[in-house]
A.B. asks: 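So that we are looking at the same thing, I have put the structure below in structure tokens.
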Amino acid sequence: MMKKELLKSTILNVDISDIDLKPGPFCMSFNFNLKPIKASIGKFGVLNPPYLLKKSDSNFIVVAGYRRLLSVKELGWKDILCQILPNDFSPFQALLLNLNDNLIHRKFNNIEKGMVLQRLIGFLKREEIVTNFMPILNIATNKQTLELFLGLEELEEEIKVSIAEERLSLRVAGFMRNIGRDDRLRINDLFTSLKWTFNQQWETIQWIIEIASREGRTIKEVIDDRHIIEVLNNDRMNNPQKVKAIVKILKARRFPSLLEAEKLFKKGLSNLSLPLGVKIIPPPFFEGIDYRLEIVFTKGQELKEELAYLYNLPGLEEVTDFWKGAEHR
Amino acid sequence: MKQFKIRRILLERGAENDSLAQKILKKLPNIPIENVKPDELASREDIEEMDKESLRLIHFRGDFLKPCPGTRRYICCGYQILNVGINCPMDCSYCFLQSYINQPSFRIFTNLEDRLNSIGEIIDSSPDKIFRIGTGEFTDSLSLDYVTGWTDLLLPFFSNRKNCILELKTKTSFIKDLIESRYRKRIVVSWSLNTPRIIANEEHMSASLKSRILAAQECQKAGFVLAFHFDPLINYQGWADEYKETVHLLERYIDPESIIWISLGSFRYMPNLKWVIMKRFPETNIFNGEFVPGLDGKFRYFKPIRVEMYANLSEILKKWYNDLGIYLCMESDDVWRQSLGWSPENSANLSSYLDNRIRKLMAY
């Protein structure tokens, strides 16, 4: 059995004004709501005293209990009982103490996970962090993911909030690091002003970047396209409708030949006047050569009649050529 | 074009006594050597870096001769890969090896010489079959020749067999050892070609278009049969004119009569390759085209775009000379028909077509 090492701390009543309440080197809190904790402290007081380290200037630095301290300050407390860690308590131990304190009572958001990893990087090798710390943070254990999380801190505050609130996909955020500040803020605006699924975000950001590269424009210019702005300002559309419309606009710009082919195929079919319940489905992306015919019927006789009608339908023999006049650019 | 710099040698246990390993070590006396175990493998992230400065000498336990990994849904030429090593110094942004290889470094299989007899047995056991064999699938056939001496080893071996040809595919101008050899029979030297823009932007360590064509000219004058591969064709604004210019340059220096075949293939990629490429070459423009998922899971240009590119290029090539053995790499029957006006219909017939080219041009 492992020998238990007792934490040698001393309890002390500390003036709030003597505590440095800026997010310090052990802080792993981002985008939090103090309301519930303030309500709890208001009713029952601080059940677990914060842990502090004494700084050289006779002030204190927060090791654990950052939110509790902010709450009591907002509640107007002048002082608070704290656990003071010994002077020889190392920064790495302090970091682990805070990490463990947080892990037992709450979940980290993705920005906070990035903060934890960023702080660990000062003390440990990347391999060690991947093996020993990423699993406890519920993160896929590989260096690529580690780099993704480490890079989150460089992003702008607005983007970090979107990530923390899970309104912006982490994968998209990782991708955003490769593009300029103005462009990524514009993408963040677009994705968070409407409700996009993470898959839609991922597909769309690629299209936007590829359109910009192909047309020699900035990402912002692609997003600020007149048609997209019209959709965004359309009061008669709800958010999912707007997302759908923007996806359609971007897809048409990203895949003009494919869209033209789809349009021609649809037009060709509509000229055929297929009976209700009959569908002709082209191969996905027109890549294969097999088309499918779908007939909905309830009785065999009905099927026979549909087939006889289709047999005599003029133009049906050209169905596989409907899309082939597509001009591509 | 300068030779590639090798900065360290990783000598895998088991390879030290192989003849090729000893030859390589003799040729690189001042390069630091690290002894490694076969199971000392790199992590995923290191694999992505590909480590194009180290030479790992390996006693290879797998098959040296393997059919090209074509897919059922597209017509494949039936080429056989002679697996002499994996990884390539050219560092082309579009290269499939970036997501295909499972270990970094130039991995050279040093027991090649010892295994040639068994390869010979395979070839000799099917005397009615023509083996089209190449070393240019997993590496560049000539880029590391100054170290590996592959041509010294392989040319006499294949030149003396009746039912095979060896195709050496390259993007370099490293032909000195080829020219100096006395073997010509059953050897095809081929160049992968692209437009100067694609070469400059995407084929980072390769020779310029003109250097490749001049090297090809020299080989042709020295009696080698030539082949060319326009693969991958990249669709970008101005592609048609620039590929036309590329063919015109070829016309200026090469006699078309002894070209055994010219393949055309468009850029295609497995989905995961895109992310590796975007990471290694964020400035690349190769993904700007209209790609759709193909029947084999790889992304390809939307079919009419491919057809237009193939039709355009083959027309230019045919105007130059009408018997170039043009074929498409990994394309469907309908794309063949729409772009070239005919189709072999299946992989077996494409193989026969290419075998007939060998019979016709190589005094088989």
Side-chain angles (χ1 to χ4, degrees), chain A residues 126-127 130-131 140-148 151 171 174-180 202-203 205-217 251-262 264-265 282-291 320-321 323-329, chain B residues 42-49 71-74 201 234-240 266 268 271-272 274-276 278-309 312 330-338 343:
Chain A
R126 278 173 156 70
E127 290 75 17
V130 169
T131 318
T141 54
N142 60 65
K143 276 193 201 165
Q144 218 169 332
T145 310
L146 173 63
E147 297 307 325
L148 169 65
R171 201 176 176 198
F175 207 56
M176 278 180 166
R177 286 169 54 207
N178 303 324
I179 57 184
W202 180 236
E203 196 167 51
I205 192 173
Q206 291 174 61
W207 291 353
I208 291 171
I209 289 170
E210 285 159 5
I211 291 168
S213 164
R214 193 165 62 185
E215 297 180 1
R217 293 168 192 271
K251 191 179 174 190
R253 215 158 142 190
R254 179 66 190 87
F255 301 101
S257 313
L258 178 63
L259 262 285
E260 181 66 14
E262 283 175 358
L264 284 174
F265 186 75
F285 310 100
F286 301 100
E287 179 61 21
I289 51 169
D290 300 328
Y291 290 69
T320 57
D321 294 327
W323 61 278
K324 284 183 183 158
E327 287 285 322
H328 56 269
R329 289 146 227 189
Chain B
S43 66
R44 183 73 243 166
E45 292 76 15
D46 292 336
I47 296 165
E48 279 180 12
E49 291 306 314
T71 44
R72 200 171 50 86
R73 311 296 296 267
Y74 295 98
N201 295 342
I234 308 278
N235 186 273
Y236 57 92
Q237 206 165 12
W239 65 268
S266 62
R268 51 210 179 270
N272 59 340
K274 182 172 180 179
W275 310 116
V276 181
M278 294 300 285
K279 199 173 159 192
R280 297 191 70 225
F281 305 103
E283 301 300 319
T284 186
N285 291 320
I286 55 174
F287 295 110
N288 286 353
E290 279 187 69
F291 293 97
V292 296
L295 303 173
D296 55 358
K298 284 182 187 168
F299 278 79
R300 289 170 151 75
Y301 289 115
F302 180 44
K303 204 189 275 184
I305 298 174
R306 296 185 343 248
V307 168
E308 190 191 4
M309 293 184 83
N312 182 290
M330 300 307 292
E331 274 301 351
S332 55
D333 175 69
D334 59 325
V335 169
W336 269 84
R337 285 182 200 284
Q338 287 175 58
S343 166

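Numbered from 1 within each chain, the chains take letters A, B, ... in sequence-line order.
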A.B. asks: Taking all atoms of both residues into account, what is the closest heavy-atom pair of A/Phe175 and B/Met278, and its distance?
C.D. replies: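 Heavy-atom minimum between the residues: CZ-CE, 4.4 Å.
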A.B. asks: In terms of heavy-atom pairs under 4.5 Å with chain A, which of B/Pro293, B/Ser332, B/Pro282 leads?
C.D. replies: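 Top option by heavy-atom pairs under 4.5 Å: B/Pro293.
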A.B. asks: Can you give me the closest heavy-atom contact between B/Phe291 and A/Phe255, atom names plus distance?
C.D. replies: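 Smallest heavy-atom distance, with atoms named: O-CE2, 3.5 Å.
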A.B. asks: Got a sec, which residues hit salt bridge (Lys or Arg N to Asp or Glu O under 4.0 Å) with A/Arg217, two or more places apart in sequence or on another chain?
C.D. replies: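 For A/Arg217 the salt bridge (Lys or Arg N to Asp or Glu O under 4.0 Å) partners, ignoring immediate neighbours, are A/Glu215.
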A.B. asks: What pair of heavy atoms forms the shortest contact from B/Asn288 to A/Ser213, and how long is it?
C.D. replies: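 Of all heavy-atom pairs spanning B/Asn288 and A/Ser213, the closest is ND2-OG, 2.7 Å.
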A.B. asks: For the residue pair A/Glu210 and B/Phe287, what are the closest heavy atoms and their distance?
C.D. replies: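 Nearest heavy atoms, A/Glu210 then B/Phe287: CD-O, 3.8 Å.
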A.B. asks: In terms of ring plane angle, is the pair A/Trp202 and B/Trp275 parallel, tilted or perpendicular, where the classes change at 30° and 60°?
C.D. replies: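 Aromatic pair A/Trp202/B/Trp275 classed tilted.
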A.B. asks: Could you go through the side-chain hydrogen bond (donor to acceptor under 3.5 Å, both in side chains) check for A/Gln206 and B/Lys274 one step at a time?
C.D. replies: CA-CA 11 Å; A/Gln206 291 174 61; B/Lys274 182 172 180 179; 3.1 Å; yes
A.B. asks: Side chains of A/Arg214 and B/Gln237: does their closest heavy-atom pair fall under 4.5 Å?
C.D. replies: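 Heavy-atom side-chain distance check fails, nothing below 4.5 Å.
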A.B. asks: State which residues pass salt bridge (Lys or Arg N to Asp or Glu O under 4.0 Å) with B/Arg300; sequence neighbours excluded, sorted by chain then number.
C.D. replies: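 Result, salt bridge (Lys or Arg N to Asp or Glu O under 4.0 Å) vs B/Arg300: B/Asp296.
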A.B. asks: How many angstroms lie between NZ in B/Lys303 and CD1 in A/Ile289, if you round to the nearest 0.5 Å?
C.D. replies: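 Answer for the NZ-CD1 pair, B/Lys303 versus A/Ile289, is 7.0 Å.
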A.B. asks: I'd like to know if B/Arg306 pairs up with A/Glu287 as an ion pair, taking the criterion as any Lys NZ or Arg NE/NH1/NH2 lying under 4.0 Å from an Asp or Glu carboxylate oxygen.
C.D. replies: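 Yes, B/Arg306 and A/Glu287 are salt-bridged.
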A.B. asks: Is any side-chain heavy atom of B/Glu290 less than 4.5 Å from a side-chain heavy atom of A/Pro256?
C.D. replies: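 Counting from C-beta outward, B/Glu290 and A/Pro256 do come under 4.5 Å.
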A.B. asks: Report yes if the side chains of B/Ile305 and A/Ser257 come closer than 4.5 Å at any heavy-atom pair, otherwise no.
C.D. replies: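 Answer yes - side chains close enough.
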